[in-house]
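A short write-up of the structure that comes next.
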2 protein chains.
Amino acid sequence: MNFQERKSRIVQTVDERGSVDVRELAELLQTSDMTIRRDLTQLASLGLIYRTHGGAMKVSLATDKHRFANKTAVNAERKDYICQLAANEIQEGDVIFMDCGSTVFRLCPFIRNKRITVITNSLPVVAELMHSEVAVNLVGGEVDKERQAVHGLIAEEHMARYRANRAFIGVDGISLANGLTANSEKEASTAVAMARQSAQVYLLCDSSKLETTKYLQFAPLTLFDVLITDNAASPDLLTAYQQAGVTILY
Amino acid sequence: MNFQERKSRIVQTVDERGSVDVRELAELLQTSDMTIRRDLTQLASLGLIYRTHGGAMKVSLATDKHRFANKTAVNAERKDYICQLAANEIQEGDVIFMDCGSTVFRLCPFIRNKRITVITNSLPVVAELMHSEVAVNLVGGEVDKERQAVHGLIAEEHMARYRANRAFIGVDGISLANGLTANSEKEASTAVAMARQSAQVYLLCDSSKLETTKYLQFAPLTLFDVLITDNAASPDLLTAYQQAGVTILY
DNA sequence: TATTTTTTGTTTATTTTTGTTCAAATCAAC
DNA sequence: GTTGATTTGAACAAAAATAAACAAAAAATA
């Protein structure tokens, strides 16, 4: 068995079974774990399979969300810490925008009992606030099933009709050099639209996202007024941001 | 079983069953409670599930659909018969309005696999069509928590932006003498707004509602083009309606 | 055949994931 | 409210998987 053949059999096996682990493949193909690992790394870089810790999966089974889920430690505590800070900023009677990011979603439990109005394009946020004290205004337009959110032209027109006291938005990446970046054009334009209509714009961003850059550069750091992050961020980094004129809460 | 697969299966199980507890999952996936808890925290932070004390729930508008579902159970067979007739009217490529009535909600299973666009103000309809072939356009505006729907000025403006081939609307009462009547002003005005924007308007109305009158008289019989009802209606009654110029499908 | 290149296997240190224990938080029933 | 049972997450330890370095084997080339 030459190594081309071995690799094609790996792809075949992964496709058949959906997922396999290194040990199984080594057994099946009568070779060492290390060789399998090397093969998997290579095949994954070609996009033929999706590499997991301990094995591999069929690409189609690993949705974007799961792919993200499988990445290292998405710190729930950090997000909750951030959301607690964010919730403290909210006043009774406020009208606030909430976008469809996963960090922003976690804000829901902290505002359940406040007498405020939330304008959002996120269906999970609506579901979460359905039985709460909060008055909800849902942004209309085309439903993006993947993100469980509403985006697009009509959605932006809708948002332009309202003025809010605060907007809470998330980003995929933020850096001093490249400003705010995102993985998706849709989320980016929604964030901008919400920011435009709000007196005070809060960026919710856990420290792991600081100084990371995603493919779409969509706004400068001046889009928001306050960056809320967690206390795991390095002090040097925070100082650098402050010197660049960014107000930080942590 | 690698850990990515485990997380996929957790999400899958939660979606299937609606809710599960930590112990069950640990048993099912042959792992420890702590591992399950860690997975749940992570998945929850991504918004894929909703973490509860002791387990997890499906994040979906469907979470509190049971109340609505109970309402739909009244005259279920008649309604399904009506919906089947309604679904037959729909062509591939159509754009249709669906309002927030319980009869109209039951149309969802019949259109899951059609390549059409649905414009609706009903959150249960959106939840139901989230995982279907149908493209969904959600009407924006203030969320009416009691009816799980969107109503109001902005909602009507939103609907006025679109033209549809067909509208499927429900009413609480219909009679030759009083025309269309409703229990709620909100639902009535939505129905009228949808009718105005559609080439063909279908009224879905089980026979128990024929010749009943509710408190709000909101439109004449000419609002709609076709009345779809069930075959439990008395022939005399149907004849009377036809003589009054109503097109009936049953 | 000898030499180079490529591929594979082994060892080791590092990283990631999992399991256990225990104090604190949460929930439910009173 | 208070109590008591259950659930939780933090800390730590154990297990598993990984990548890097290097050596051995196989293949390609001269």
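Note: hydrogens, waters and symmetry copies are ignored here, and every other heavy atom, side chains too, is used.
Contact between A:K209 and A:T103 at its shortest, heavy atoms only, is NZ-OG1, 3.9 Å. Shortest non-hydrogen contact noted between A:I96 and A:I90 is CD1-CD1, 3.9 Å.
When the P atom of C:dG9 is taken as reference, atom CD of A:E27 falls 14 Å away, rounded to whole Å. Distance B:R23 CZ to D:dA5 P: 15 Å, rounded to the nearest Å. Distance B:D39 CG to C:dT17 P: 10 Å, rounded to the nearest Å. For A:I36 and D:dT18, the CD1 to P distance is 11 Å, given to the nearest whole Å. Whole-Å rounding puts the A:K7 NZ to C:dT6 P distance at 13 Å. Taking atom CG of residue A:L29 and atom P of nucleotide C:dG9, one finds them 11 Å apart after rounding to whole Å. Put simply, CZ on A:R51 is 14 Å from C1' on C:dT17, counting in whole angstrom units.
Checking B:Y215 against B:E185 by side-chain atom types alone, no donor-acceptor pair falls below 3.5 Å. No side-chain N or O of A:H158 forms a donor-acceptor pair with one of A:N121 less than 3.5 Å apart.
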Please list each protein N or O that sits under 3.5 Å from an N or O in nucleotides 19-28 of chain C, with the distance.
| from | atom 1 | to | atom 2 | distance (Å) |
| --- | --- | --- | --- | --- |
| C:dG19 | OP2 | B:T31 | OG1 | 2.7 |
| C:dG19 | OP2 | B:S32 | N | 3.2 |
| C:dG19 | OP2 | B:S32 | OG | 2.8 |
| C:dG19 | OP2 | B:T35 | OG1 | 2.4 |
| C:dG19 | N7 | B:R38 | NH2 | 2.6 |
| C:dG19 | O6 | B:R38 | NH1 | 3.2 |
| C:dG19 | O6 | B:R38 | NH2 | 3.4 |

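The backbone N or O of B:S132 lies less than 3.5 Å from a partner atom in the side chain of A:K145, making a donor-acceptor pair.
Salt bridge A:E187/A:R147: present, at least one basic N to carboxylate O contact under 4.0 Å.
Base pairing of C:dT18 is made with D:dA13, judged by Watson-Crick or G-U wobble geometry with both donor-acceptor distances under 3.5 Å.
For C:dT17, neither phosphate oxygen OP1 nor OP2 lies less than 4.0 angstrom from any side-chain nitrogen or oxygen of B:R6.
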